[in-house]
Amino acid sequence: QNLRAEIGSLNVQLRDSVAACTAEPITNADERLLQQGSSTGVVNVALIWNNRHDLDLMVVDPNGEEISFRNKKSNSGGYLDIDMNASASQRTGQPIENIKWDGDEPPAGRYQVFVMLYQEHDDNQALDPTPFTLAISVRGQTEEVFGNISSAQYRMPVKFHEFTVE
């Protein structure tokens, strides 16, 4: 009994020590884009979260075309710029996915934004649901949308937001 109590106390100390040594996660999409050598487009949809799960971002453009890991570039000029945590060798606890349109005139109309939990990874399996932030920027005006996705929604694209570009 005493040994169990001591082990429990040591586990708490270890957890607190690890937490004290862990850098605060970057929660700003622009900073994560910069880390990945990218920048914001004239229309930009970024997905950020703070674990090693593989979340996927999907945007349906005004023409009804999907941009995602399955279709990385649309005829409207939008493209998947960054896709993280898909490969075991490149997993990070501070990922970002990014879809953007460059140029002066993005397609006008309604954009739909979906998030999908593609894969939970063993090292973070207990983290459910996964909270995330969508940073949506149109011509420099940014809006943040907060959400979470759970293992109950595994590999199901879930619509979290839509916006209109005029």
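Numbers for residues simply follow the sequence, beginning at 1. Note that these values count all heavy atoms, side chains included, but never hydrogens, waters or copies made by symmetry. Small disclaimer: the values here were computed from a predicted structure and weren't measured.
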Colleague: Could you check whether atom NZ of K72 has more than 12 heavy atoms from other residues, nucleotides or ligands sitting under 6.0 Å from it?
Modeller: no
Colleague: Is a side-chain N or O of W101 found less than 3.5 angstrom from the main chain of E105, in a donor-acceptor match?
Modeller: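 Pair absent, no side-chain N/O of W101 close to backbone of E105.
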Colleague: Hey, any chance V60 and L134 share a hydrophobic cluster, counting ILVMFWY side chains that come within less than 4.5 Å of each other, even indirectly?
Modeller: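 No, V60 and L134 fall in different hydrophobic clusters.
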Colleague: Does N44 reach the side chain of I99, with side-chain heavy atoms less than 4.5 Å apart?
Modeller: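 Side-chain contact under 4.5 Å: no.
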Colleague: Say you draw a straight line from CE of M58 to CD1 of I67; how long is it, rounded to the nearest 0.5 Å?
Modeller: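 Rounded to the nearest 0.5 Å, the CE-CD1 separation comes to 10.5 Å.
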Colleague: For a side-chain contact (heavy atoms from CB on, under 4.5 Å) check, start with the C-alpha distance between V165 and R139, then their side-chain angles and the critical distance, and finish with the verdict.
Modeller: CA-CA 9 Å; V165 172; R139 296 184 183 100; 3.9 Å; yes
Colleague: For the residue pair G41 and D102, what are the closest heavy atoms and their distance?
Modeller: CA-OD1, 3.8 Å
Colleague: Does S74 use its side chain to pair, donor to acceptor, with the backbone of G78 at less than 3.5 Å?
Modeller: yes
Colleague: Roughly how far, to the nearest 0.5 Å, is the CD1 atom of I149 from the CD atom of E120?
Modeller: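 Those atoms lie 10.5 Å apart.
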Colleague: State the NE2-CE distance between H53 and M84, to the nearest 0.5 angstrom.
Modeller: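 If we round to the nearest 0.5 Å, H53:NE2 and M84:CE are 15.5 Å apart.
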Colleague: Are the side chain of R32 and the backbone of I48 linked by a donor-acceptor contact shorter than 3.5 Å?
Modeller: no
Colleague: Let me confirm one number: the CG-CG distance from L57 to D83, rounded to the nearest 0.5 Å.
Modeller: 9.0 Å
Colleague: According to a hydrophobic-cluster definition based on side-chain heavy atoms being under 4.5 Å apart (Ile, Leu, Val, Met, Phe, Trp, Tyr only), do V138 and V113 belong together?
Modeller: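 Hydrophobic grouping puts V138 with V113.
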Colleague: Examine distances only and state if a side-chain atom of R52 and a backbone atom of R91 form a donor-acceptor pair shorter than 3.5 Å.
Modeller: yes
Colleague: Do you know which two heavy atoms are closest between I96 and A29, and how far apart they sit?
Modeller: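 Closest pair (atom of I96, atom of A29, distance): CD1-O, 3.7 Å.
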Colleague: For N98 versus A46, what's the shortest heavy-atom pair and its separation?
Modeller: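 Minimum heavy-atom separation between N98 and A46: OD1-CB, 3.4 Å.
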Colleague: The criterion is side-chain contact (heavy atoms from CB on, under 4.5 Å); which residues satisfy it with N63, sequence neighbours excluded?
Modeller: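 Result, side-chain contact (heavy atoms from CB on, under 4.5 Å) vs N63: D61, S76.
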Colleague: Please, which pairs that meet ring pair (Phe, Tyr, Trp, His ring centres under 6.0 Å) have at least one residue in residues 78-98, sequence neighbours excluded?
Modeller: none
Colleague: Could you tell me whether the side chain of E97 reaches within less than 4.5 Å of the side chain of D56, counting heavy atoms only?
Modeller: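 Counting from C-beta outward, D56 and E97 do come under 4.5 Å.
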Colleague: Only pairs at least two apart or in different chains count here, so list each ring pair (Phe, Tyr, Trp, His ring centres under 6.0 Å) that has a residue in residues 146-166.
Modeller: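 Matches after skipping sequence neighbours: Y111-F163, F132-F160.
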Colleague: Could you walk me through whether L117 and R155 satisfy the side-chain contact (heavy atoms from CB on, under 4.5 Å) test, starting with their C-alpha distance in whole Å, then the side-chain angles of each, then the deciding distance to 0.1 Å, before giving a yes or no?
Modeller: CA-CA 5 Å; L117 172 60; R155 295 203 176 172; over 6 Å; no
Colleague: If I compare all heavy atoms of P107 with all of P62, which pair ends up nearest, and what's the gap?
Modeller: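 What the structure gives for the nearest pair is O-CG, 3.9 Å.
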Colleague: Report the distance from atom OH of Y118 to atom CE of M156, rounding to the nearest 0.5 Å.
Modeller: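 CE of M156 is found 15.5 Å from OH of Y118.
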Colleague: How far apart are the C-alpha atoms of I136 and V145, what are their side-chain angles, what is the distance that settles it, and do they pass the side-chain contact (heavy atoms from CB on, under 4.5 Å) test?
Modeller: CA-CA 8 Å; I136 298 155; V145 176; 4.1 Å; yes
Colleague: Between V115 and L47, does a side-chain contact (heavy atoms from CB on, under 4.5 Å) hold up when you go through it step by step?
Modeller: CA-CA 8 Å; V115 176; L47 167 67; 4.1 Å; yes
Colleague: Whether the S68 and E66 side chains hold a donor-acceptor pair (N or O, under 3.5 Å, no angle test) is what I'd like checked.
Modeller: yes
Colleague: Classify the side-chain pair S151/D128 by whether it contains a donor and acceptor separated by less than 3.5 Å.
Modeller: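 Yes, side-chain donor-acceptor contact under 3.5 Å.
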Colleague: Distance alone, cut at 3.5 Å: any donor-acceptor contact between the side chains of D54 and N85?
Modeller: no
Colleague: Given 3.5 Å as the limit, does a donor-acceptor pair link the side chain of K100 with the main chain of S39, or not?
Modeller: yes
Colleague: To the closest 0.5 Å, what do you measure between OG1 (T164) and CZ (R110)?
Modeller: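 CZ of R110 is found 7.5 Å from OG1 of T164.
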Colleague: State, with a plain yes or no, whether a side-chain heavy atom of F114 is found less than 4.5 Å away from one of V158.
Modeller: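 Counting from C-beta outward, F114 and V158 never come under 4.5 Å.
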